[in-house]
Protein chains: 2
Amino acid sequence: MANSTKASNAANARTPRRRASITDVAKAAGVAVGTVSNVLNKPERVLPATRERVEAAIAELNFVRNGSARQLRAGTLTSVGVVVLDLANPFFTDAARGIQDRLERDSFTLMVAGSDEDLDRERRYLRLYEEHGVQGVIVSPATDDIDHVLAVRERGTAAVLLDRPSPVPELASVAVDDVAGGRLAVEHLIAQGHERIALLNGPHTIRQCRDRRDGAAAAMADAGLDPGTALVEITVPGLTPDGGEAGIREVVALPARTRPTAVFCVNDLVALGVLRTLRREGVAVPQGMAVVGYDDVTFAAELATPLSSVRQPTSELGTRAADLLFRPEDSAPEQVVFSPELVVRESSASSPEAGRPR
Amino acid sequence: MANSTKASNAANARTPRRRASITDVAKAAGVAVGTVSNVLNKPERVLPATRERVEAAIAELNFVRNGSARQLRAGTLTSVGVVVLDLANPFFTDAARGIQDRLERDSFTLMVAGSDEDLDRERRYLRLYEEHGVQGVIVSPATDDIDHVLAVRERGTAAVLLDRPSPVPELASVAVDDVAGGRLAVEHLIAQGHERIALLNGPHTIRQCRDRRDGAAAAMADAGLDPGTALVEITVPGLTPDGGEAGIREVVALPARTRPTAVFCVNDLVALGVLRTLRREGVAVPQGMAVVGYDDVTFAAELATPLSSVRQPTSELGTRAADLLFRPEDSAPEQVVFSPELVVRESSASSPEAGRPR
DNA sequence: ACCCCATTATGAAGCGATTCATGTGCGGGA
DNA sequence: TCCCGCACATGAATCGCTTCATAATGGGGT
């Protein structure tokens, strides 16, 4: 499938020769190092003639200034680091877009890394960013343990929690109310007549998963149903379409007497796998099984069975997080909580008049 | 929609007090700076008792080592920078995943940035990475101008082109044959009987767009059609669903006599917008208008009208790029070209026996 | 002719880490 | 008892840059 051709040329790796330093440039241009530095940083203070000589030397030597040295001396850098749970999840990339758009205005640069829901990786990236002196970090934490984020802030780097309310007042955060989201989804399904609902969820170490479950359970309790039996929670092997497929197979394998008639998926990727599998297995949606997702990603409305989903103001989440990062020194950190919104589509509403299956 | 509460506490920004340095730690522990450095880097060379004292001091002072200083002295860092065209495009995030997975093995860390198809931004990020001494960069260039990438390599940082064949032998690259992809799509549409085909494309400054167009035109010529009149190219205002909507509106507004009967979209996001709009306008797909996309993103098969699309080995593209980055010093750079594959679904195959959705 | 100030260039000091040649102390062999 | 070598610890030198006090230059005012 892949045809590759080798070139008969030099290696890709670094050449042995040393990178030119500012001293080399100064020597070549016949000026002092301070002058070169000025050309780089305050060109207006240098006589045009001198500046040109220096610039020529820079071009000649292929000089790139050493960011480490620069930063070591100057203090900080104009960049911001972001750590998200999953680089492949549209929710987070949309949020990253929001952050980037906002940061662009102040000509900050953005670096993104994905933790894959792994605390260790999250810590590693955070430390990397911190060691390299970013101005701020925006983190969507993998677990409840956010001591390392607090520590970063304590050491003087601005920090904002993304998609998670802050447990302490001195740390700013931007989040969406996931309990409310879970509640919305399940209240809707109950209103549609469902009395046993499956929840395809991720591990409870992830707060979002836990909160959505709690909201779901609360909605049941409010409706007089026992969450213990009416809410069938299944932990999927991954928050992906394949995870959803595995999860829904477990559901349909249940004995008909206890089988749920609706599924609430912890995100739309999982729901996608569910819809795919149900279609292959010939189960009608929503008649045979109603489905509600979470995130309302771009394609949710365009699926074979348009997917009901809980919508979050994703990109606004990002812009807001970026805003909070650099508020004036004396302003208090803020905890912003957005409210989710349920978008009902065909996958959960069989008839316009809110039909009851069974 | 957003309710926010202010806490009455300290500011989010950096605290005034200076970060502890290795000297502070040495002082606190009553040892020399060299010893602290050894505890950090070669703990086995330090007496356990001493080590503990130093570690206590580190914890006490909340010490984080200064990456800039470390790197200034030590040379390079174990991280890799990636610049992609669009952070919100699944194609690139999937590729990024591939890169990350591969790099993880060698415990490199990955930083990703999106250029939004802007050459300046691409240059900025590349320079940022280089100044900070990453081990290598992987770039999907926004335009044909890749001098800056070559320059990076020349200065000794490994570099690989992503999703674009390298024009010079000494620069490694990983790409998919986009001409072949465009050809596949259009050959298929012609085989379905279409004689006038719209191409919703991005700007020709983007190579992928240009190549797919060239492939499309070649397919037409081969079939004895005149690409000049039979291929109606429309440049969309953005490679997004909204861009697709704008594009297809232009197509349907054409006089019936010259209106194409099929659309080839430069990517699936655009195709998504096209399908959405056609459905709203009551145009049947594929009878009224056949649609083919590009990328075969996760959800392509699950849409209301399953979307025919050209599939690329996305994540393998990423792993391969990461592989190429750090080949042995003496091995030649490689140009890897993957071949795309057409996946035919309902959106372009009117008769069941031509397209089998699977 | 003289002085003064503004403009531009200079180069040493210092940022915080690593490295390495040098110092110190201690145990064991002669 | 003396000396050698080993195991640790020491701290000055160094990386490349920015900063800033100081020097050099030259033009204008008196």
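Numbers restart at 1 for each chain; the letters A, B, ... are given by sequence-line order, proteins then strands. All values below come from the heavy atoms of this structure, side chains included, with hydrogens, waters and symmetry mates left out.
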Exercise for review: Please list residues of residues 40-55 of chain B whose heavy atoms come under 4.0 Å from any atom in DNA chain C, ordered by number; otherwise none.
Suggested key: N41(B), K42(B)

**Study point:** Donor-acceptor pair, side chain of R102(B) and main chain of R97(B), under 3.5 angstrom
**Key:** no

Revision key, fill the gap. Rounded to whole Å, the CZ-P distance (R73(B) to dA13(D)) equals 13 Å

Exercise for review: To the nearest Å, give me how far apart CD (Q71(B)) and C1' (dT19(C)) are.
Suggested key: 17 Å

Review point. Is any N or O donor-acceptor pair between the side chain of R70(B) and the base of dT18(C) shorter than 3.5 Å?
Key: no

**Study point:** Nucleotide nearest F63(B) (side chain, heavy atoms from C-beta), chosen from dA17(C), dT19(D), dC17(D)
**Key:** dA17(C)

Exercise for review: Round to a whole Å and report the spacing from CD1 of I22(A) to P of dC15(D).
Suggested key: 15 Å

Review point. Which of the following nucleotides, dA17(C), dG16(D), dA12(C), is nearest to the side chain of V33(A)?
Key: dA12(C)

Practice item. Grab the CD-C1' distance between E131(A) and dG16(C) for me, whole Å please. Key: 12 Å

Review point. Between N66(A) and R19(A), does a side chain to side chain donor-acceptor pair (under 3.5 Å) hold up when you go through it step by step?
Key: CA-CA 9 Å; N66(A) 182 321; R19(A) 256 165 76 157; 5.6 Å; no

Practice item. Using side chain to side chain contact (heavy atoms under 4.5 Å, CB included) as the criterion, point out the one residue from L325(A), D106(A), V134(A) that pairs with V80(A). Key: L325(A)

Point to revise | Between C1' of dC15(D) and CG of N66(B), the distance in whole Å | key: 13 Å

Practice item. Would you please confirm or rule out a distance under 4.0 Å between OP1 or OP2 of dT10(C) and any side-chain N or O of T35(A)? Key: yes

Practice item. Identify the residue among R153(B), E122(B), R127(B), E130(B) that makes a side chain to side chain donor-acceptor pair (under 3.5 Å) with H148(B). Key: E122(B)

Check your understanding: What closest approach, in Å, do R320(B) and V174(B) show between heavy atoms, and which atom pair accounts for it?
Key -> C-CG2, 4.1 Å

Study note, to complete from the structure: A32(B) has its side chain closest, among dT10(D), dA17(C), dC17(D), to dT10(D)

Check your understanding: Which part of the nucleic acid does V31(A) contact within heavy-atom distance under 4.0 Å: base, sugar-phosphate only, or nothing?
Key -> sugar-phosphate

Check your understanding: Between the side chains of R155(B) and N62(A), does any donor sit under 3.5 Å from an acceptor?
Key -> yes

Practice item. With heavy atoms under 4.0 Å as the rule, sort S21(B) into base, sugar-phosphate or nothing. Key: sugar-phosphate

Exercise for review: Determine, stepwise, if the pair F92(B) / L87(B) fulfils side chain to side chain contact (heavy atoms under 4.5 Å, CB included).
Suggested key: CA-CA 7 Å; F92(B) 288 112; L87(B) 272 182; over 6 Å; no

**Study point:** L72(A) CG to dG14(C) C1', straight-line distance once rounded to whole Å
**Key:** 9 Å

Point to revise | Between dA17(C) (P) and K27(B) (NZ): distance, integer Å | key: 12 Å

Point to revise | Q135(B) side, atom CD; Y129(B) side, atom OH - distance, nearest 0.5 Å | key: 15.0 Å

Practice item. Using five pairs at either end of the helix from dA1(C)-dT30(D) to dA30(C)-dT1(D), determine the angle between the two local helix axes and round it to 10 degrees. Key: 60°

**Study point:** Spacing of L317(A) atom CG and D163(A) atom CG [to the nearest 0.5 Å]
**Key:** 6.0 Å

